[in-house]
Novice: 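Here's a structure for you.
Quick note: numbers below take in every heavy atom, side chains included, and nothing from hydrogens, waters or symmetry partners.
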Amino acid sequence: MTFRIRYARPTDVRGIADLVRPYAMRRILVTKELIAYFEDVQEFVVAVDDETGSLIGCGALHVMWDDIAEIRTLAVSPEFLHRGVGSAILEALIERAILLGLRRVFCLTFEVDFFTRHGFAEITGTPVGEDVFHEMLHTHDDGVKEFLDLASYKPNTLGNTRMLLDLTTRAAWSDAQR
């Protein structure tokens, strides 16, 4: 099996929604309306099966502030799990974060071991200063509110682990993994 990673297109949105739906039904990923995927399509990369041309995975990078973004909506079609698709998507999103000049990448996940293998570490609290915290409170984005660890959003994320990757130390971590 071979696949490629590319930026998502509006024509991919329904396929992205189809990939996410089973995970959202199990409350592993957040349920979103189709319009939300269209509005955020520029944040997504997709994995495409070279043989069939079908979408087999997706993930998004959502910029939250001038130095931090969140990995969101990372999903792989069940028949393609454990074949490197999720890792390839995550690496593409991390590379995008580096190109954007970000220093940190956040995720809220049940897949702790997967993200740990990619250099993420568990965190507590909110890893931003008080001034940024107060600015972020003005968002309408539920994901940012989850990042802020607001109690009112806890029922939606019970059991998830908050993790962070420091991109400034990524090169040293990558070298150690080889």
Side-chain angles (χ1 to χ4, degrees), residues 1-64 68-102 104-121 141-144 146-147 156-157 159-165 167 170-171 173-175 177-178:
M1 178 204 75
T2 60
F3 63 91
R4 60 190 158 86
I5 305 295
R6 65 165 170 77
Y7 293 115
R9 304 172 185 142
T11 55
D12 296 323
V13 167
R14 285 176 178 79
I16 290 169
D18 289 344
L19 282 168
V20 173
R21 188 173 297 110
Y23 294 102
M25 289 173 55
R26 293 176 21 221
R27 298 185 50 99
I28 293 170
L29 292 176
V30 175
T31 301
K32 295 181 183 179
E33 298 295 330
L34 189 60
I35 186 65
Y37 293 115
F38 277 106
E39 291 172 343
D40 298 338
V41 69
Q42 71 281 352
E43 296 182 352
F44 278 86
V45 297
V46 293
V48 180
D49 183 328
D50 285 331
E51 187 176 314
T52 66
S54 61
L55 294 186
I56 59 172
C58 65
L61 181 74
H62 179 78
V63 175
M64 299 167 68
I68 191 166
E70 179 183 7
I71 300 289
R72 291 183 171 181
T73 322
L74 183 54
V76 175
S77 182
E79 61 268 24
F80 292 95
L81 289 172
H82 308 291
R83 296 186 185 183
V85 177
S87 291
I89 291 168
L90 180 57
E91 289 302 320
L93 295 171
I94 290 169
E95 286 302 313
R96 184 187 266 186
I98 291 167
L99 289 171
L100 289 171
L102 300 172
R104 300 173 297 165
V105 180
F106 168 80
C107 72
L108 187 65
T109 186
F110 290 105
E111 299 296 333
V112 174
D113 291 342
F114 172 78
F115 282 96
T116 299
R117 285 193 305 271
H118 290 276
F120 284 74
D141 186 304
D142 289 347
V144 174
E146 291 170 346
F147 167 75
N156 298 329
T157 60
N160 282 2
T161 299
R162 301 158 44 76
M163 302 186 81
L164 193 70
L165 173 64
L167 297 173
R170 172 113 172 127
W173 176 86
S174 293
D175 290 343
Q177 298 303 307
R178 290 187 195 135

Novice: Determine, step by step, whether Glu43 and Thr73 satisfy the side-chain contact (heavy atoms from CB on, under 4.5 Å) criterion, reporting the C-alpha distance in whole Å, the side-chain angles of both residues, the deciding distance to 0.1 Å, and the verdict.
Specialist: CA-CA 10 Å; Glu43 296 182 352; Thr73 322; over 6 Å; no

Novice: Just how far is it from atom CZ of Arg104 to atom CG of Leu165, taken to the nearest 0.5 Å?
Specialist: 11.0 Å

Novice: Is Val48 close to Leu55 at the side-chain level, that is, under 4.5 Å between some pair of heavy atoms?
Specialist: yes

Novice: Can you tell me how far the NE2 atom of His118 sits from the CD1 atom of Ile71, to the nearest 0.5 Å?
Specialist: 10.5 Å

Novice: Atom CZ of residue position Phe38 - does it have more than 12 heavy atoms of other residues, nucleotides or ligands inside 6.0 Å?
Specialist: yes

Novice: Could you give the distance from CG (Leu108) to CE (Met163), rounded to the nearest 0.5 Å?
Specialist: 11.0 Å

Novice: Would you confirm whether Tyr37, through its side chain, and Gly15, through its main-chain N or O, come within 3.5 Å as a donor-acceptor pair?
Specialist: no

Novice: Counting N and O atoms only, with roles assigned by atom type, does the side chain of Arg14 sit under 3.5 Å from a partner on the main chain of Leu34, one being a donor and the other an acceptor?
Specialist: no

Novice: Any non-hydrogen side-chain atom of Val41 less than 4.5 Å from a side-chain atom of Asp12?
Specialist: no

Novice: Contact between Leu61 and Leu100 at the side-chain level, heavy atoms closer than 4.5 Å - yes or no?
Specialist: yes

Novice: Heavy atoms, side chains only, cut-off 4.5 Å: are Glu111 and Leu74 in contact?
Specialist: no

Novice: Between Arg21 and Asp18, does any side-chain N to carboxylate O distance fall below 4.0 Å?
Specialist: yes

Novice: Of the non-hydrogen atoms in Val20 and Cys58, which two are nearest, and what is the gap between them?
Specialist: CG2-SG, 4.1 Å

Novice: Look up atom CZ in Phe3 and atom OG in Ser54, then write down how far apart they are to the nearest 0.5 Å.
Specialist: 12.5 Å

Novice: Answer yes or no: does atom CD of Glu79 have more than 12 heavy-atom neighbours from other residues, nucleotides or ligands under 6.0 Å?
Specialist: yes

Novice: Measure the spacing between CG of Leu93 and NE2 of His62 and express it to the nearest 0.5 Å.
Specialist: 13.5 Å

Novice: Which heavy atom of Ile89 sits nearest a heavy atom of Gly57, and at what distance?
Specialist: CD1-C, 3.5 Å

Novice: Please tell me if the side chains of Val46 and Arg6 come closer than 4.5 Å, counting only heavy atoms from C-beta onward.
Specialist: yes

Novice: Rounded to the nearest 0.5 Å, how far does CG of Leu102 lie from CE of Met64?
Specialist: 11.0 Å

Novice: Answer yes or no: is there a side-chain heavy-atom contact under 4.5 Å between Phe115 and Val105?
Specialist: no

Novice: Might you point out which heavy atoms bring Arg27 and Phe110 nearest each other, and give the distance in Å?
Specialist: O-CE1, 3.5 Å

Novice: Does any non-hydrogen side-chain atom of Asp49 lie less than 4.5 Å from one of Phe80?
Specialist: yes

Novice: Is there a side-chain contact between Leu90 and Phe120 in this structure, where contact means two heavy atoms from C-beta onward sitting under 4.5 Å apart?
Specialist: yes

